[in-house]
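In what follows, a structure is listed as structure tokens, so that the remarks can point back to it.
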Amino acid sequence: MSGGRQRTLGGGGQHVLDYLKRMQAENPAFFYAVQSDSDHSSGNIFWADATARMNYNYFKDAVIFDTTYRTNHYRVPFASFIGINHHGQPVLFGCALILNESESSFIWLFQTWLQAMSERYPVSITTDPDRLIQVAVAQVLPHTRHRFCKSTIFREMKEKLGGLYTSHSTFETEFKKCINESETIDGFESHWHSLLQRYYIMDNEWLQSMYNARQQWVPVYMRDTFFGDFAVNEGSGSLTLFFDGFVTEATTIQILLKQYEKAVVSWHEKELKADFDTTNTMPILKTPSPMEKQAANLYTRRMFKKFQEELVETLANPATKIDDTGTVATYRVAKFGEDHKAHAVNFNSSEAKASCSCQMFEYSGIICRHILAVFRAKNVLTLPSPYILKRWTRNAKTGAVLDERSSDSPSNSRESVTVRYNNLRQEAIKYVEEGAKSIHIYNVAMKALQEAAKKVASMKNQGSGAMHGSSLANGGSQEMHATEENQTAVFQSADEKEKKIHELSAELDSTNQRCEVYRANLLAVLRDMEEQKLKLSVKVQSARLSLKE
């Protein structure tokens, strides 16, 4: 991928800015910034809504920077920061319009994104293999593990080695097998060099450059770091996630924001459905193991299926002790008939801790069949807490959203607004989700929300001194030129405080309305189910009468 391109939005730039200003006026936790530019027509733009910032707090360990617009030649240079939620679904951490592709621009973008996420660094980040992005990540996220998108490299390989693809139909299959199925570093090195010699491509410069960067894209080198993307696309490495099907090559700046909103709503609905399925359905257990039952109650439905697959495989992967040094024993685990693919598991019996050479837990957060086989052999009946990654459980989004800052500085005052907004919103969502489950809980939740609304209104009538707040400043001077008059003030006057109370009251009213919608939708589903049952009953009765006749 090449860098240094300059684009312009023309009149569309002002359209985007007007939208962002309106969104921030409606919600002070909405963040946006524009890189310094005289007329806002060619300065890079970043934004993240309150939900994106809140989700980052829960799922910040693995981040994907999606720049599909570059390789697919989109009309609009639209990029996004994406994470993975507890259902294995993509969640949004922010969006950007990258009009100026330069080293300084990408550095600005990552710094601005990090600021919006309260300077909380991710464990890993996946991007396209681009020099400008690589420089920005190294400077802004020096302790974050940087991985290159594997599917982008495979696509580039077809472009660079087109003649080889044409003359040797087996090359692609063998190349991907070398990358994807190598289980040890020595195995990869051997397979790689053998492949290059067999096809006489030892001197290919592009392949040599990819080999030199192997520690940033070949899976066997990266298994000690959490990426978790197996849950999204089963390891394909594709970065086209959150906006796939919503933003395409034909999308214009005039319709981009509508498509952005549609994608946000669509994925939110999918998450709500996955939450409902996890809470209200019980998966079919395949073993009598207490550990399987424990996992079914802990994990979300999608993650439980991943765990269940590994647990069932222990039946075909016996563990054999090969060394014992006292507290730590080493086991050899291999599938029947596949001894050449054996893995070594070190097990500390006193602490019930284990580590496997496959490093699946470190990479994905789900314990592997090899460790489970050792647990089975050692009669470990329940999953030890160190192997239950909260981010994959149904309670992944419980707990405090953000820590309140004690400093009185403007930046921390603005942070406090986001803290309070996110905490209130998260608590309100709990009422909505729980209240929609039954008419009894619905009535209790509705009454609680109405009481809260009365108390907030009462505080509003007490005048100044009842609350302290601040406006959320997005951006800054010179490099972050945005939100103009909204960016620096702390709420000082009684009118501004009353306005803040009014916004919170409006949020509660909105929550009440959403609760009504969820309840109505659930009742409609129940009615449909009853109708289907009735129709089926009629058919059964008719069939019985026919048989008697």
Side-chain angles (χ1 to χ4, degrees), residues 48-68 78-95 113 117 122-127 147 149-151 226-248 259-281 283 295-296 298-309 363-366 388-399 401 422 425-426 429-430 432-433 436 514 518 521:
D49 64 22
T51 300
R53 303 177 75 189
M54 181 173 62
N55 279 332
Y56 184 77
N57 183 67
Y58 301 120
F59 308 115
K60 62 181 176 293
D61 43 15
V63 175
I64 299 169
F65 181 49
D66 186 353
T67 51
T68 303
F78 180 68
S80 56
F81 292 89
I82 299 166
I84 307 158
N85 71 7
H86 49 323
H87 300 293
Q89 300 167 331
V91 289
L92 193 61
F93 292 155
C95 299
W113 170 74
M117 301 301 132
V123 173
S124 65
I125 186 168
T126 301
T127 75
R147 180 180 67 168
C149 174
K150 192 168 56 177
S151 65
F226 180 82
F227 289 97
D229 59 348
F230 78 94
V232 177
N233 50 29
E234 305 302 330
S236 71
S238 174
L239 297 190
T240 307
L241 297 168
F242 196 88
F243 292 100
D244 189 21
F246 294 95
V247 179
T248 66
Q259 294 302 105
Y260 153 79
E261 290 184 339
K262 286 181 180 179
V264 169
V265 170
S266 176
W267 280 111
H268 178 63
E269 290 176 349
K270 290 177 182 178
E271 181 175 332
L272 287 178
K273 183 181 184 305
D275 284 338
F276 183 85
D277 291 343
T278 293
T279 304
N280 296 281
T281 63
L298 286 171
Y299 289 120
T300 61
R301 190 64 64 249
R302 178 94 182 269
M303 292 307 109
F304 170 72
K305 289 182 179 178
K306 292 291 180 184
F307 171 83
Q308 189 181 54
E309 289 173 9
Y363 187 83
S364 69
I366 295 292
I388 303 170
L389 206 62
K390 184 181 178 182
R391 61 116 55 240
W392 291 140
T393 69
R394 59 181 66 196
N395 296 321
K397 298 176 78 170
T398 59
V401 176
N422 283 338
R425 184 177 184 276
Q426 186 63 21
I429 287 174
K430 290 179 184 177
V432 173
E433 293 173 346
R514 288 199 300 271
Y518 288 135
N521 288 341

Fill in the blank from the handout: One should read off an interatomic distance between Tyr56 OH and Trp113 CH2, to the nearest 0.5 angstrom, of 4.0 Å
Handout entry: Side-chain donor-acceptor pair present, His86, Asn395, cut-off under 3.5 Å
Key = no
Handout entry: Student check: side-chain heavy atoms of Phe307 and Leu298 closer than 4.5 Å
Key = no
Completion exercise
dist His87:NE2 -> Leu272:CG (nearest 0.5 Å) comes out at 8.5 Å
Exercise for the section: Work out which heavy atom in Phe226 is nearest to a heavy atom in Ser364; give both atom names and the distance. Expected result: CE1-O, 3.2 Å
Problem - CG on Asn85 to NZ on Lys270, rounded to 0.5 Å - result: 11.5 Å
Handout entry: Heavy-atom pair of closest approach, residues Arg394 and Thr279
Key = NH1-CA, 4.2 Å
Handout entry: Spacing of CG belonging to Asp66 relative to OG1 belonging to Thr126, to within rounding of 0.5 Å
Key = 11.0 Å
Practice task
Give, for atom CD1 of Ile64 and atom CD1 of Ile125, the distance between the pair rounded to the nearest 0.5 Å.
Solution key: 9.5 Å
Problem - Side-chain touch Tyr58/Lys390, heavy atoms, less than 4.5 angstrom - result: no
Exercise for the section: Check for a donor-acceptor pair, side chain of Thr281 on one end and backbone N or O of Asp277 on the other, with a separation under 3.5 Å. Expected result: yes
Exercise for the section: Can you see which heavy atom on Ala62 is nearest to which on Phe93, and at what distance? Expected result: O-CE1, 4.1 Å
Completion exercise
Distance col, row Asp61:CG vs Ile84:CD1, nearest 0.5 angstrom, shows 8.0 Å
Practice task
Might you confirm whether atom NZ of Lys305 has over 12 heavy atoms from other residues, nucleotides or ligands at distances under 6.0 Å?
Solution key: no
Handout entry: Leu389 side chain near Met303 side chain, heavy-atom distance below 4.5 Å
Key = no
Fill in the blank from the handout: Heavy-atom nearest pair, Phe304 first then Ala295, reads CD1-C, 3.6 Å
Completion exercise
All heavy atoms of Phe242 vs all of Leu92, minimum pair found to be CE1-N, 3.7 Å
Problem - Any Lys397 side-chain heavy atom under 4.5 Å of Asn55 side chain - result: yes
Problem - Aromatic ring proximity, centroids under 6.0 angstrom, Tyr363 and Phe227 - result: yes
Exercise for the section: Over all heavy atoms of both residues, which pair between Ile82 and Ser80 is shortest? Give the atoms and the distance, please. Expected result: CD1-OG, 3.5 Å
Practice task
Please answer whether the main-chain N or O of Pro90 pairs with a side-chain N or O of Trp267 as donor and acceptor at a distance below 3.5 Å.
Solution key: no
Exercise for the section: Might you work through the side-chain contact (heavy atoms from CB on, under 4.5 Å) test for Phe243 and Thr68, ending with a clear yes or no? Expected result: CA-CA 10 Å; Phe243 292 100; Thr68 303; over 6 Å; no
Exercise for the section: Taking Arg391 for its side chain and Ala396 for its backbone only, find out whether a donor-acceptor pair lies under 3.5 Å. Expected result: no
